[in-house]
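Just so you know, residue 1 is the first one in the sequence shown, and it goes up from there.
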Amino acid sequence: MPQNKGPFYMTTAIAYTSGKPHIGNTYEIVLADSIARFRRQEGYDVRFQTGTDEHGQKIELKAEEAGVTPKEFVDGVSGEIKRIWDLMNTSYDKFIRTTDADHEKQVQKIFKKLYDKGDIYKGHYEGMYCTPCESFFTASQLVDGKCPDCGRPVQPAKEEAYFFKMSKYADRLIKHIEEHPEFIQPESRKNEMMNNFLKAGLQDLCVSRTSFKWGIPVDFDDKHVIYVWIDALSNYITGLGYDVDGNNDALFEKYWPADLHLIGKDILRFHTIYWPIMLMALDLPLPKQVFGHPWLLQGDGKMSKSKGNVIYADDLVDLFGVDAVRYFVLHEMPFENDGVITWELLVERLNSELANTLGNLVNRTIAMSNKYFGGVVTKTGVTEEVDDDLKAVVTATRAKAQEKMATLHVADAITEVFSLFKRCNKYIDETMPWALAKDETKQDRLAEVLYNLVESITIGANLLTSFMPETSERILAQLYPENAEDGVRDFDDLDKFGLRASGVKVTDKPEILFARLDLEEVLKKAEEIQAAQKAAVGGVQYPQVEEKPEITIDDFDKIQIRVGEVLKCEPVPKAKKLLVSQIRIGDEVRQIVSGIAKYYKPEEMVGKKVAVITNLKPCKLCGVESQGMILAAADDADNLSVLTVDKDMIAGSEIR
């Protein structure tokens, strides 16, 4: 067994119970699981916590829409999240829910302690509120008038509230970050927090609400509920049995401070500013590292149920299997930049990396062992120079993977393991076992080649455990059919070659680890999944429109829209997309160029009474002057319709 390296406590962000998590949400738990498994393999006493965040105004609204109580709603969603986490074979030690009674009690005590210290005080809040993010913002924090975190519209809100004195601890936090460069990772995330928030000056944080009820009440002022982020962030200590009065569970004494908070980059501010300041106010040590991972994005645009393109983990598992999905989300995500997922890329990776590089290697090694030696793998000592390079690559892989995992470069660590498998495939090409088999004098050499392959795959399978645990088990079960545990190596031994006992048989019934998939068939199944999603929301594919900043009636009054009658319409020379129309607007005729040639023939436009913006500054399109703009509607299916009036209005009438 590897030497016990001491406790290691890591957490994911707790998943918000507003709905079923898609594959981008699921990526985080798989990433965390791979880190937890690797640390255990290294010899750490790992405590791995995840769970669900179940309070807030959004939940209250979702429950109302569903016609159930908030608790009934979160019970269902939390159960679904836990099901998917389990489906993905994640090895968490604790699944906490923020509706757990012991958690709620401690959150109330935390709030009261901070109030008694004078760090929380009562006042009134007036500002812009983002319901999806459960966050208040000042006007200066908005980006293009929208929420700086999610980009959605915000609403003005004013209410009595309690505030947390953030500024009291700002200098101390800045000093901590500067003295602990590993605290916020990657480096780019640290710079963002320091420059955009801390050094710009922290404002006091609103930490209670009165406009809704689904939250943990302030026990000494029950018309207030505690800010959802105070509630949610506290889970990292309440899940270990932290008690404000000092009666902490042994788990808290053993594992706090956390070694790693693994979170999405979008909630970095809460974990690197609000959470550390909360801990400072509670006189608790800060976590050692907060890692803000990038996002896994949909390849064909923003995920939407109405578009039918949301990718869920359970759908992927049905098509590809658990470990293929784990491999993809772990291997395809860069360290700092967002990754992309598409059905095409999934198939390509499964066929090339999993079925070919790994699956075919294991299958033909076992097949050759059975064909030439009845499955018995023997070490003969008949070596050649080519063996040395194979052994050097195999025995160096553990240290390379460990180096990558030390800095959470998980994708790079997997690449190192698959480089081992690729080296094994190259070794087969170099040694040509089929040629050795034809020479009676080369039988001992052939046996040594197959031993080297089985030993190399054994080491590779052990290094694969953290990322693809089921696949690792399946490989070792085939290489050690009498007792798969014989193939499990201590981590400290994975840089040693030749530990497999000579004369041990491989299975005589090899199984296919990953079957190659046909892209057309997968895309057909993907279409069925998308159709089912559309049907679930009534089959309507609503267009995805980027919302623009809110305007006032004064802004709108600047635009003049009038009814125009199309008198003549013809193509613009050398411009396939443009039509030029002569349009009567009152007592004048305007020439207007429009990009509608794909949707209308010139003769179809003649006689239409269309909506025209008439006070738009004239411009030239393909050398033709345009004196206004015809309004049109477009959707995501590439349909377009010019806007017309449904009554026989006089040309020039104002639209208002």
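Here Tyr242 pairs with Phe252 under the ring-ring contact (aromatic ring centres under 6.0 Å, His included) rule; sequence neighbours left out. Residues satisfying the ring-ring contact (aromatic ring centres under 6.0 Å, His included) test with Phe328, not counting sequence neighbours, are none. Applying the ring-ring contact (aromatic ring centres under 6.0 Å, His included) criterion to Phe291, with sequence neighbours excluded, gives Phe335. The ring-ring contact (aromatic ring centres under 6.0 Å, His included) search around Phe212 returns none, not counting sequence neighbours.
Other residues, nucleotides and ligands contribute only 12 or fewer heavy atoms inside 6.0 Å of the NZ atom of Lys105. Atom CD of Glu336 has more than 12 neighbouring heavy atoms from other residues, nucleotides or ligands inside a 6.0 Å radius.
Judged by distance alone, with hydrogens and angles left aside, the side-chain atoms of Thr272 form a donor-acceptor pair with the main-chain N or O of Leu268 at under 3.5 Å. Put simply, the side chain of Gln185 gets close to the backbone of Pro181: a donor and an acceptor are under 3.5 Å apart. Listed for the Arg189 side chain is a donor-acceptor partner under 3.5 Å among the backbone atoms of Gly292. In this structure a side-chain-to-backbone donor-acceptor pair under 3.5 Å is present from Thr90 to Trp85. Remark: side-chain polar atoms of Asp490 are not paired, donor with acceptor, to backbone N or O of Asp492 under 3.5 angstrom. A distance-only check finds a donor-acceptor pair linking the side chain of His22 to the backbone of Gly24 [under 3.5 Å]. In this structure a side-chain-to-backbone donor-acceptor pair under 3.5 Å is present from Arg326 to Asn89. With hydrogens and angles disregarded, no donor-acceptor distance shorter than 3.5 Å links the side chain of Asp245 to the backbone of Asn247. With hydrogens and angles ignored, the 3.5 Å screen pairs no side-chain donor or acceptor of Asp33 with any backbone N or O of Ile29. In this structure a side-chain-to-backbone donor-acceptor pair under 3.5 Å is missing from Glu416 to Ala413.
Atom CG of residue Leu233 and atom CD1 of residue Ile267 lie 8.0 Å apart, to the nearest 0.5 angstrom. The distance from the CG atom of Asn235 to the CD1 atom of Ile14 is 4.0 Å, given to the nearest 0.5 Å. If you take CG on Leu205 and NZ on Lys165, they are separated by 14.0 Å, rounding to the nearest 0.5 Å. Between Ile230 atom CD1 and Ile226 atom CD1 the span is 8.5 Å, to the nearest 0.5 Å.
Tyr9 and His261 have their aromatic ring centers separated by at least 6.0 angstrom. Taking the six-membered ring wherever Trp is involved, the centroid distance between the rings of Tyr121 and Tyr115 does not fall below 6.0 Å. Ring centroids of Phe491 and Phe38 are separated by less than 6.0 Å, placing the two rings close together. Separation of the Tyr129 and Phe137 ring centroids does not fall under the 6.0 Å cut-off. For His293 and Tyr27, the ring centers sit closer than 6.0 Å to each other.
Using a 4.0 Å cut-off between charged nitrogen and carboxylate oxygen, Asp171 and Lys175 do not count as a salt-bridge pair. Salt-bridge check for Glu42 with Arg39: passed, with a basic side-chain N closer than 4.0 Å to an acidic carboxylate O. Asp204 and Lys168 are not joined by a salt bridge, as no carboxylate oxygen comes within less than 4.0 angstrom of a charged side-chain nitrogen. In this structure, Lys113 does not pair ionically with Asp119, as no charged nitrogen and carboxylate oxygen lie closer than 4.0 Å. At a threshold of 4.0 Å, the pair Glu403-Lys400 does not count as salt-bridged, since none of the basic side-chain nitrogens sits closer than that to a carboxylate oxygen.
Residue pairs meeting the salt bridge (Lys or Arg N to Asp or Glu O under 4.0 Å) criterion with at least one member in residues 250-276, sequence neighbours excluded: Asp45-Lys254, Asp149-Arg269, Asp259-Lys288, Lys265-Asp338. Within the structure, every pair that satisfies the salt bridge (Lys or Arg N to Asp or Glu O under 4.0 Å) test and touches residues 50-61, not counting sequence neighbours, is listed here: Glu54-Arg97.
Residues Thr50 and Thr11 have side chains not in contact (no heavy-atom distance under 4.5 Å, counting atoms from C-beta outward). Counting heavy atoms from C-beta outward, Asp102 and Gln106 have side chains that stay 4.5 Å or more apart. A 4.5 Å side-chain heavy-atom check between Phe183 and Lys190 finds every atom pair outside the cut-off. When side chains are defined from C-beta on, Ile277 counts as touching Leu202, because their heavy atoms get closer than 4.5 Å. Looking at Phe111 and Val207, their side chains come closer than 4.5 Å, going by heavy atoms from C-beta outward. Looking at heavy atoms from C-beta onward, Thr26 lies in side-chain contact with Met88 at the 4.5 angstrom threshold. Counting heavy atoms from C-beta on, the side chains of Phe467 and Ser34 come closer than 4.5 Å. The side-chain heavy atoms of Gln108 and Ile216, taken from C-beta on, include a pair separated by under 4.5 Å.
For the residue pair Thr99/His55, the side-chain donor-acceptor check at 3.5 Å is not satisfied. With hydrogens and angles left out, the side-chain atoms of Tyr16 and Asn25 include no donor and acceptor closer than 3.5 Å. Checked by atom type, the side-chain pair Thr238/His103 shows a donor-acceptor distance below 3.5 Å. Remark: the Glu159 side chain and the Ser211 side chain contain an N/O donor-acceptor pair separated by less than 3.5 Å. No hydrogens or angles considered: nothing links the side chains of Asn462 and Gln41 as a donor-acceptor pair under 3.5 Å.
A cation-pi arrangement is not found for Lys94 relative to Phe48, the charged atom failing to lie both closer than 6.0 Å to the ring centre and inside a 45° cone about the ring normal. In this structure, Lys20 is positioned above the aromatic face of Tyr312, its NZ or CZ under 6.0 Å from the six-membered ring centre and within 45° of the axis.
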**OP:** Take Leu198 and Ile177, measure what side chain to side chain contact (heavy atoms under 4.5 Å, CB included) needs, and give me the verdict at the end.
**Re:** CA-CA 10 Å; Leu198 281 167; Ile177 293 171; 3.5 Å; yes

**OP:** Evaluate side chain to side chain contact (heavy atoms under 4.5 Å, CB included) for Ile59 paired with Val74, printing each intermediate quantity in order.
**Re:** CA-CA 8 Å; Ile59 300 296; Val74 297; 3.5 Å; yes

Original post:
Between Asp219 and Lys112, is a salt bridge (Lys or Arg N to Asp or Glu O under 4.0 Å) present by the stated rule, with each step listed?
Top reply: CA-CA 8 Å; Asp219 56 1; Lys112 182 66 161 58; over 6 Å; no

Original post:
Given Phe164 and Met278, is the side chain to side chain contact (heavy atoms under 4.5 Å, CB included) satisfied, shown in steps?
Top reply: CA-CA 9 Å; Phe164 191 164; Met278 279 179 62; 3.6 Å; yes

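Across all their heavy atoms, His124 and Glu160 have their closest contact at CD2-CA, 3.7 Å.
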